[in-house]
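Computed from a prediction, not measured in an experiment: that's the story for all the values here.
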Amino acid sequence: MRLRNVSGSREAIARSRFVIQNPTEKKNHWKELFCNSHPIQIEIGMGKGRFIMDMARLHPEINYIGIEKYSSVLIRGIQKMEKEELPNLYFIRMDAEEITDVFGEGEVDKIYLNFSDPWPKDRHAKRRLPSREFLNRYRAILSKEGNLEFKTDNQALFSFALEELEPAGWHLEQVTYDLHSDKNMMEGNVMTEYEERFSSMGNPIYKYIIFPSE
Ligand code: SAM
């Protein structure tokens, strides 16, 4: 995502009631925030929030948390929430590296990674959100039946993500190399901003659904 500094975004985020300001304080207490016991699903690297807002609107029976590292991007999601408040959605501005400080064991029922940054240089592999380092963090917060869904149009990143599964102790539940032609996996698909952009250019979309082994 190209980053243009949006002046005042940090301050607006610090004031926003849609953003959890001290997320580590909510660890093991996220259900209290939503005042219900609905499942909690998170998107890591939500960008401007199109996907997670569409999901929250479609599924009021699920609680959503969108995580984004950069204020200049997150602010766009906040502006949309100001126009259309969704009671089952909150945002966190943070680096996902700290995810285990924010969610307790088994607190998250599903993780979405959509069009994660590829970090093409080998020395940056650990920063890739589907890397084994991140998979270990995700395992620590996922519930027993929890799983993770990853979509991308980046072939190299998808190959890397598949190779990381075995060493990290995860299993494939479903995989497709052309999501938009896969009737089964397209059922209920909600497009992300990047997905719309890249699929309209003719790029195939890769997707897997994975779960951690015991
Ligand atoms: N998910 C959106 C979509 O599919 O349209 C946005 C995709 S964009 C390419 C990736 C987003 O992930 C960027 O907004 C970036 O700032 C965010 N991101 C990358 N690394 C992150 C990290 N470690 N923690 C939180 N967000 C991250």
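Between Phe103 and Trp30, the gap from one ring centroid to the other is short of 6.0 Å. In summary, the aromatic rings of Phe91 and Phe18 are positioned with their centroids too far apart to meet the 6.0 Å limit.
Checking Glu43, Glu68, Glu193 one by one against Lys48, the salt bridge (Lys or Arg N to Asp or Glu O under 4.0 Å) holds for a single residue, Glu193.
Cation-pi geometry between Arg128 and Trp119 is not satisfied (NZ or CZ under 6.0 Å from the ring centre, within 45° of the ring normal).
Residues Tyr177 and Ile209 do not share a hydrophobic cluster, defined by chaining ILVMFWY side chains whose heavy atoms lie under 4.5 Å apart.
Defined by atom type and a distance below 3.5 Å, a donor-acceptor pair is present between the side-chain atoms of Gln41 and Tyr112. For the residue pair Asn147 / Lys110, a side-chain donor-acceptor distance below 3.5 Å is found, with atom types taken as modelled. Side-chain contact check for Asn114 and Glu195: no donor-acceptor pair (N or O, by modelled atom type) lies under 3.5 Å. Between Asn189 and Lys151, the side chains place a donor N or O and an acceptor N or O closer than 3.5 Å (distance only, hydrogens not considered).
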- Task: Mind running salt bridge (charged side-chain N to carboxylate O under 4.0 Å, His left out) on Lys26 and Glu107 for me, showing each step along the way?
- Result: CA-CA 11 Å; Lys26 293 278 184 292; Glu107 236 186 338; over 6 Å; no
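In this pair, His59 and Tyr64 present their aromatic rings tilted. The plane angle is within the 30 to 60° band.
For residues 129-144, every residue pair satisfying the salt bridge (Lys or Arg N to Asp or Glu O under 4.0 Å) rule, not counting sequence neighbours, is listed here: Arg132-Glu164.
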